[in-house]
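Right, one structure below, let's go through it.
Quick note: numbers below take in every heavy atom, side chains included, and nothing from hydrogens, waters or symmetry partners.
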Amino acid sequence: MPVGRNAARLEASFPRAARTLAASSLDAVVARIRADRPSVVVNTVGPFTETAEKLARACLPGSHYLDLANDVQSFSEVLDLHERAVAAGRTLVPGAGFGAAATESVVAALCAGRPEPERVRTDMVPSVASEDGTIGQALAASIVDAVPESGRRYVDGHLERVTPGHDAVLLTLPDCTQVTTAGMPLGELVAARRASGAPSVVAASTLAPTGGLVRALLPVAGLALSAGPVRRITRRRVAAVRTRTRERPREHSYAHARVEWADGTVGEGWLRARDAGDFTAAVAAEVARRLTEGRGPAGAHTPIAALGIEIVSAAGAELTIDRHH
């Protein structure tokens, strides 16, 4: 969160006419949602593996819900509430930000009007500016909690565990620079599978570890961090790490997808945005606005499945799509 869970900074961040509330715990937030039944709840509090399902459940039957999650576990937990959301007439949307919404939009555009493909690969290439401060509790928890997770990919329609940093490739961006991306257990893996129906799916990112030494050490670090006390201590230390003001490393952020069909057709597409953080804020705001207007279908849906590809263009992104044999 931009206010670091500080009540004074929270109040100072909003206009005087806005009502701000500080809750002492996640349970207190749940109780407030159930009591007030807001039109839409926007969850920006990580780790989403601890907050997403609990807050999404609290929204039913009175509120719509969206979050910024991009991990397989919390993504799937919210989507598993589909039948309950349908019965309540409410919409739940995990992953309404850069990553899931960005790559899903490219896959959906490539697959529109086509049969189910054989395989899909997505690549997330965020470019984000940073400011002076600390990493903070929420982001630290998300980073640390991701370490014990091994990689994930779909093989023959089944979600399988694989070595972290799997399926690394050198990717040439539209600006002619090159980056290395590798597989991660991302929520956009689930979104790409749903958008395409492909039995084989990989979701990759420039944030994935690709160095041989780091990949070799990750399983050992994951085993250590699976112990609760070690994880809590590590969270505190990572939260205190200082960040410095830094321009984003490249002018644009990119989401890429490559889709292959049995007849030899190959589709490739790009989404281009500026700062990935700004894009996330714009997508979340657009999803919240449309849900408030009652434009989302009842149930639990990925962002593009819920509200269409146009939400990324409304957030200022550009799509480029190409198919060839």
Side-chain angles (χ1 to χ4, degrees), residues 1-2 13-14 39-46 48 52 64-71 74-75 78-79 91-112 122-131 139 142 173-175 186-192 194-196 203 205-207 247-257 268-297 300-321:
M1 293 178 67
S13 297
F14 288 90
S39 176
V40 180
V41 171
V42 182
N43 177 15
T44 66
V45 182
F48 292 104
H64 301 297
Y65 169 89
L66 68 101
D67 65 37
L68 310 183
N70 196 17
D71 64 274
S74 57
F75 221 81
V78 172
L79 292 174
T91 307
L92 311 178
V93 183
F98 190 82
T103 56
E104 184 192 5
S105 69
V106 184
V107 174
L110 285 167
C111 293
T122 66
D123 299 279
M124 178 177 68
V125 187
S127 184
V128 183
S130 62
E131 299 178 350
L139 181 55
S142 296
L173 304 179
D175 64 8
L186 299 169
E188 57 204 74
L189 179 67
V190 179
R194 285 176 165 241
S196 66
S205 171
T206 50
L207 303 178
E247 296 294 327
R248 57 182 186 268
R250 62 186 62 83
E251 183 178 2
H252 294 102
S253 299
Y254 295 98
H256 170 258
E268 193 164 8
W270 295 89
L271 175 142
R272 186 180 73 172
R274 289 192 176 273
D275 189 286
D278 293 343
F279 175 83
T280 292
V283 168
E286 185 65 21
V287 171
R289 182 179 69 83
R290 295 185 184 214
L291 293 183
T292 301
E293 295 171 351
R295 296 165 64 181
H301 306 276
T302 54
I304 305 305
L307 296 165
I309 293 174
E310 61 268 21
I311 64 171
V312 298
S313 57
E318 301 174 359
L319 278 172
T320 304
I321 302 299

Inset, instruction - Please confirm whether the backbone N or O of Ala273 pairs with a side-chain atom of Ser253, one donor and one acceptor, at under 3.5 Å? - result: no
Legend entry - Close side-chain approach of Asp275 and Phe98, heavy atoms under 4.5 Å: no
Inset, instruction - Without swapping roles, check the side chain of Glu104 against the backbone of Ile304 for a donor-acceptor pair under 3.5 Å. - result: yes
Inset, instruction - Kindly compute the distance separating CD (Glu188) from OG1 (Thr302), expressed to the nearest 0.5 Å. - result: 12.0 Å
Inset, instruction - Taking all heavy atoms of Leu307 and all of Gly296, pick out the closest pair and write down the distance. - result: CD2-CA, 3.9 Å
Inset, instruction - Check whether any side-chain heavy atom of Ser205 sits under 4.5 Å from a side-chain heavy atom of Val125, and report yes or no. - result: no
Inset, instruction - Taking the side chain as every heavy atom from C-beta outward, state whether Val287 and Ile311 have any atom pair closer than 4.5 Å. - result: yes
Inset, instruction - State, with a plain yes or no, whether a side-chain heavy atom of Val107 is found less than 4.5 Å away from one of Thr122. - result: yes
Legend entry - Audit row: Val40, Leu66, side chain to side chain contact (heavy atoms under 4.5 Å, CB included) steps and yes/no: CA-CA 8 Å; Val40 180; Leu66 68 101; 4.0 Å; yes
Legend entry - Rounded distance (nearest 0.5 Å) linking atom CZ of Arg248 with atom OG of Ser130: 12.0 Å
Inset, instruction - Compare all side-chain heavy atoms of Thr206 with those of Pro126 and state whether any distance is below 4.5 angstrom. - result: yes
Legend entry - Gap between atom NE2 of His252 and atom CG of Asp175 - 0.5 Å precision: 8.5 Å
Legend entry - Polar side-chain atom of Thr320 near backbone of Gly269 as donor-acceptor pair, under 3.5 Å: no
Inset, instruction - Not counting sequence neighbours, which residues clear ring pair (Phe, Tyr, Trp, His ring centres under 6.0 Å) with His256? List them please. - result: Trp270
Legend entry - Glu247 atom CD, neighbour heavy-atom count above 12 within 6.0 Å: no
Legend entry - Any donor-acceptor pair under 3.5 Å from Ser105 side chain to Ile309 backbone: no
Legend entry - Heavy-atom side-chain proximity of Ile321 to Val106 below 4.5 angstrom: yes
Inset, instruction - List for me each residue that meets salt bridge (charged side-chain N to carboxylate O under 4.0 Å, His left out) alongside Asp123, sequence neighbours excluded, and say none if there are none. - result: Arg121
Legend entry - Reported OG-to-CG distance for the pair Ser196 and Leu110, which is rounded to 0.5 angstrom: 10.0 Å
Legend entry - Glu131 atom CD, over 12 foreign heavy atoms within 6.0 Å: no
Inset, instruction - Please tell me if the side chains of His301 and Arg194 come closer than 4.5 Å, counting only heavy atoms from C-beta onward. - result: no
Legend entry - Met124 side, atom CE; Thr103 side, atom OG1 - distance, nearest 0.5 Å: 8.0 Å
Inset, instruction - Report the C-alpha separation of Glu310 and Arg290 in whole Å, then their side-chain angles, then the decisive distance to 0.1 Å, and conclude whether the salt bridge (charged side-chain N to carboxylate O under 4.0 Å, His left out) test is met. - result: CA-CA 12 Å; Glu310 61 268 21; Arg290 295 185 184 214; 3.6 Å; yes
Inset, instruction - Show the numbers, then the answer: is there a side chain to side chain contact (heavy atoms under 4.5 Å, CB included) between Tyr65 and Val42? - result: CA-CA 6 Å; Tyr65 169 89; Val42 182; over 6 Å; no
Inset, instruction - Ignoring hydrogens and angles, tell me if any N or O in the side chain of His64 forms a donor-acceptor pair with the backbone of Thr91 under 3.5 Å. - result: yes
Inset, instruction - Please answer whether the main-chain N or O of Leu68 pairs with a side-chain N or O of Asn43 as donor and acceptor at a distance below 3.5 Å. - result: no
